[in-house]
Structures are given as structure tokens and as C-alpha cells.
Amino acid sequence: MIGVFDSGIGGLTVLHWLLKELPEYDYVYIGDNARAPYGNRSQEIVYEYTRQEVEYLFNSGAQLVVLACNTASSLALRRLQQEWLPQHFPDRRILGVLIPLVETALKTTKTGIIGVVGTRGTIASGAVTREFEKRKALVRPDLARMEIFSASCPLLVPLTEEGWIDRSETKRIMRHYVRELKQKNIDTLLLACTHYPLLYDQFSAIMGKKVQVIDNRAVALSLKNYFERHPDIATLCRSKSETPKRMFLTTDDPERFSNLSSRFLGEQIEAHHVAVL
Ligand code: DGL
């Protein structure tokens, strides 16, 4: 079974692509809605909350967990992989969303001038920029230059959760957030937040035709590739039954979670409450 973790509802935009590209696997999704959003929280808190949720998923039978949250991938993933996992669950795996997104942006860019938008925590951590620096030589050795410009867009999480997708107020706020990125003439924009794919069309329209916008499909394609390279883990996660399992857990109100799910996942699901501490 694959565990999918997010601070709340946003990771469903990642799960949407996982279900499309890898439907033959069992999934358990957990959203820590009781303590969301994580975007403005400190590194220590994001690490501790993420660790508790991942532990819950492993204890529920997940062999591999995808941190379908950019903030957790930026602030907690490395420490979980390097310090916690080898001691507590040495045979399990945790993957994040940053590497697939960064690699896709690198493969897409022509000029090497790339923009990144995310929560305050993601942007302030510098994790996305570091990932670009680490991967450039490997993925795009031909690229003469690379410049990464980033902007945090903290109001976009509550606005998308409120369903303010097509509101003029939201577009005005988005234009404000990306003004500097536009001035830098980026040719690729990476949406490094689970909620922003809901605003994909709006970002595309604001940035203009010359800018390619990268969203979460990259994460699913990368997991597919990972399973090809690790068939033993793929076998453990693949469903043994004709109807693969889909379980949706939230640490807060399951009704609100279920109501929001159609917008973020593309289908209405039934969520269940769990207490994770
Ligand atoms: N899931 C978070 C992310 O992708 C956004 C919501 C939050 O701030 O918790 O960064």
C-alpha cells in the first residue's frame, strides 16, 4: 500500500495524478487538517507533525509514503530519510515532491530562468533552489546559465480552500505575488504548493504564453519510474485485490474533508477521522 501524506486537503491534487498514472496500487491518504496549514510553521514543528503522520501511515501498513506536501518535503523530508527512517522503519521508503518537480522544470526550461511559487515555509527554506543547484549538472548539463527566482504566496491556500478560484480578488493577489517573477522574464514556473494546481489556468493566463507552468503530474510520473527501478517495492504496494483500496483519513472533521475533496481530487470521497499524536 502507498501512503500519501499532506498537511490537509491539498495533497489530493497529487493523489489525483497518482490514481491516474498508477491505479493498480492500494492507497491510504492522511490529511493533518487539525493542525493545517503547515505553510507558516517552523521547521521543528513541521518535522515533528510530519513524522507523527508518517509513522501512522507505516503502522497502517504503508510500505512507501509520498510526502504530498511541498512544505513537509522542504522542511522535514531529508531529516526523516537520513535520521528517523533508518532507525525506525529501515525497510520502508519516504519520497517527496520537490525532486520530480525540479527535474521537470529543468527539462522544460529553455533559458534557465525559472520561477518558483510556494508557501512561506517552502520558499524561506531555500530547499527548492538547493534542489535545482544539485540537479542541474545531471539533468541539464547543456544549460549555460540557471537563475531561480521565488515568491511566497501565503494567501492562495485559504483562497483556494474557500473556492475563490475565479474571483477577481484572487487574480489581483496572484498578479501582486508574481509581479517580480514576470519582470525577471522567467520561462518556466514551478507550482511548489499542493493548492496552486487549482489555479493552474489563472497562473498560465497571468504569466503569459511564453511561460510553461509545472504542476503535480510530474510526481506521479516520477513514482512510476521509481517503481520500474524498484520492482520489489512496487510489488509490495500493488493491490492484491481486483478493487484496489482507497482510504481517506483526516485528523479533523471528515465531513468538511469529504466536501472539499471533489474540488481537490476531482471526485467526492468518504473520509474518516483518526487521532494522531
Ligand atoms: N500542503 C502545503 C504545501 O504544499 C500547503 C498547505 C499548508 O500550508 O499546509 O506546501
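Model, not experiment: these values are computed from the prediction.
Side chain of Asp215 to main chain of Pro197: no donor-acceptor pair is present (N/O by atom type, distance under 3.5 Å, no hydrogens or angles). Between the side chain of Ser261 and the main chain of Ile269, a donor-acceptor pair closer than 3.5 Å is present. When atom types are taken as modelled, the side chain of Arg140 and the backbone of Thr109 share a donor-acceptor pair closer than 3.5 angstrom. Side-chain N or O atoms of Lys182 include one that pairs as donor or acceptor with a backbone N or O of Ile206 at under 3.5 Å. With hydrogens and angles disregarded, a donor-acceptor distance shorter than 3.5 Å links the side chain of His16 to the backbone of Leu265. Within the 3.5 Å criterion, the main-chain N or O of Ala36 finds no donor-acceptor partner in the side chain of Ser7. Checking side-chain atoms of Gln81 against main-chain N and O of Ile94 turns up a donor-acceptor pair under 3.5 Å. Checked by atom type and distance alone, the side chain of Arg92 pairs as donor or acceptor with a backbone atom of Ala62 at under 3.5 Å. The backbone N or O of Val213 lies less than 3.5 Å from a partner atom in the side chain of Tyr200, making a donor-acceptor pair. Side-chain atoms of Ser73 come within 3.5 Å of backbone atoms of Val97 as a donor-acceptor pair (strictly under, hydrogens ignored).
The CG atom of Leu143 lies 7.0 Å from the CG atom of Leu106; values are rounded to the nearest 0.5 Å. In this structure, Leu189 CG and Phe149 CZ are separated by 13.0 Å, a value rounded to the nearest 0.5 Å. Summarising the geometry, atom CZ belonging to Phe257 is positioned 11.0 Å from atom CG belonging to Asp252; distances are rounded to the nearest 0.5 Å. Residue Thr194 holds its OG1 atom at 7.5 Å from CZ of Phe264, rounded to the nearest 0.5 Å. Taken from CG in Leu22 to CZ in Arg238, the straight-line distance is 9.5 Å, to the nearest 0.5 Å. Considering CG of Leu12 and CG of Asn216, their distance stands at 11.0 Å, rounded to 0.5 Å.
Counting only heavy atoms from C-beta outward, the side chains of Cys193 and Val157 approach each other to under 4.5 Å. When side chains are defined from C-beta on, Tyr25 does not count as touching Leu18, because their heavy atoms never get closer than 4.5 Å. At least one side-chain heavy atom of Ile113 sits less than 4.5 Å from a side-chain heavy atom of Ile186. Side-chain contact between Leu221 and Thr104 is absent, with no heavy atoms from C-beta onward closer than 4.5 Å. For the pair His88/Phe58, no side-chain contact is recorded, criterion being any heavy-atom separation below 4.5 Å from C-beta on. Residues Leu80 and Tyr47 have side chains in contact (heavy-atom distance under 4.5 Å, counting atoms from C-beta outward). Counting heavy atoms from C-beta on, the side chains of Leu236 and Met1 never come closer than 4.5 Å. Residues Phe89 and Val65 form no side-chain contact, since every pair of their non-hydrogen atoms from C-beta on lies 4.5 Å or further apart.
With Tyr38 as reference, Asp32 is the one residue of Thr119, Asp32, Thr71 to meet the side-chain hydrogen bond (donor to acceptor under 3.5 Å, both in side chains) rule. Between Glu53 and the choices Val276, Val274, Leu249, Asp6, the side chain to side chain contact (heavy atoms under 4.5 Å, CB included) rule is met once, by Val276.
Salt bridge absent: Glu180 and Lys184 never bring a charged side-chain N and a carboxylate O closer than 4.0 Å. A salt bridge links Glu161 to Arg256: at least one charged side-chain nitrogen sits closer than 4.0 Å to a carboxylate oxygen. Taking 4.0 Å as the cut-off between side-chain N and carboxylate O, Arg79 and Glu48 do not count as a salt-bridged pair.
Linking ILVMFWY side-chain heavy atoms closer than 4.5 Å, directly or via other members, places Ile2 and Leu85 in two distinct hydrophobic clusters. Each of Phe248 and Tyr56 belongs to its own hydrophobic cluster when Ile, Leu, Val, Met, Phe, Trp and Tyr are linked at side-chain heavy-atom distances under 4.5 angstrom. Leu64 and Ile99 are members of different hydrophobic clusters when ILVMFWY side chains are connected at heavy-atom separations under 4.5 Å. Val117 and Leu190 fall within the same hydrophobic cluster, where Ile, Leu, Val, Met, Phe, Trp and Tyr residues are linked whenever their side-chain heavy atoms come under 4.5 Å apart, directly or through other members. There is a path of hydrophobic side-chain contacts, each under 4.5 Å, that joins Leu57 to Val46.
When the shell of 6.0 Å around NZ of Lys209 is examined, it contains 12 or fewer heavy atoms from other residues, nucleotides or ligands. Annotation: Glu255, atom CD; neighbour count of heavy atoms from other residues, nucleotides and ligands within 6.0 Å does not exceed 12. Residue-environment remark: NZ (Lys245) stays at or below the threshold of 12 foreign heavy atoms within 6.0 Å. Counted within 6.0 Å of NE2 on His176, heavy atoms from surrounding residues, nucleotides or ligands total 12 or fewer; the atom is thus considered open.
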Identify each donor-acceptor pair in which a side-chain atom of residues 166-175 lies under 3.5 Å from a protein atom, sequence neighbours left out, and give them as a table.
| unit_1 | atom_1 | unit_2 | atom_2 | d |
| --- | --- | --- | --- | --- |
| Asp166 | OD1 | Gln202 | NE2 | 3.0 |
| Thr170 | OG1 | Trp164 | O | 2.7 |

Next on the checklist: One pair to check against side chain to side chain contact (heavy atoms under 4.5 Å, CB included): Asn259 and Gln268. What are the steps and the verdict?
Outcome noted: CA-CA 7 Å; Asn259 289 341; Gln268 175 95 26; 3.9 Å; yes
Next on the checklist: Pair Arg130, Glu133 - check salt bridge (charged side-chain N to carboxylate O under 4.0 Å, His left out), show working.
Outcome noted: CA-CA 5 Å; Arg130 274 198 299 281; Glu133 282 157 6; over 6 Å; no
